[in-house]
Amino acid sequence: MKNYIINDPYEGPQVFALIDDDDDESWETAIAWSEENRKEIQNAERRHRYHVPYSLDAMDYEGESLAYYLTREEIYIQKEKEQHVKETLIYLTDAQVRRIKMKAEGMILREIAEAEGIGVNAVRESIESAKRKFKKYF
């Protein structure tokens, strides 16, 4: 009887099974399982490495602060910008804010005009006026 040892990349070498020397079928099954498992682990690591901007393993050891892609300073600056935009939107009328949001969501001027029940030129002028006010106060 021999020990069949697998080398798990996370746990290190481990005894997988006790197999008789003359039991070829068990040896083939164990080797096939080990090879398949190794490939799955390598593929998962490759996907993780190329598609995740941070390390999930590092989060376990270092904490959730590594879960954020932005640094603390970048998050603070982003929040300040968002607050500044909100403060600037106060100078716009409700209709202008509503129309700019519709435009930002991908609606074309004709669709906005139909939703508002006004002409396309009125929508265009309203959005241009909102842009000028935004630039002035921002």
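All values below were derived from every heavy atom in this structure, side-chain atoms included, with hydrogens, water molecules and symmetry-related copies excluded. What you see is a predicted model, and the numbers here were worked out from it, not measured in a lab.
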Side-chain donor-acceptor distances from residues 109-127 under 3.5 Å, at least two apart:
unit_1	atom_1	unit_2	atom_2	d
E111	OE1	I108	N	3.1
E116	OE1	R98	NH2	3.1
E116	OE1	R99	NH2	3.4
E116	OE2	R98	NE	2.8
N121	OD1	R124	NH1	2.7
S126	OG	R99	NH1	3.0

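- Of the residues E80, K81, E82, the one that meets the side-chain contact (heavy atoms from CB on, under 4.5 Å) test with Q78 is E82.
- Considering CZ of R132 and NZ of K135, their distance stands at 9.5 Å, rounded to 0.5 Å.
- Nearest approach of S129 to Q96, heavy atoms of both residues: OG-NE2, 3.2 Å.
- Taken to the nearest 0.5 Å, the OH atom of Y137 stands 12.0 Å off from the CD1 atom of I90.
- Cluster membership for V97 and Y91, using ILVMFWY side-chain heavy atoms within less than 4.5 angstrom, is not shared.
- F134 approaches L92 most closely through the heavy-atom pair N-CD2, 4.4 Å.
- Not a single ring pair (Phe, Tyr, Trp, His ring centres under 6.0 Å) links Y76 to another residue, sequence neighbours left out.
- Looking only at side-chain heavy atoms (C-beta outward), K133 and T93 come within less than 4.5 Å of each other.
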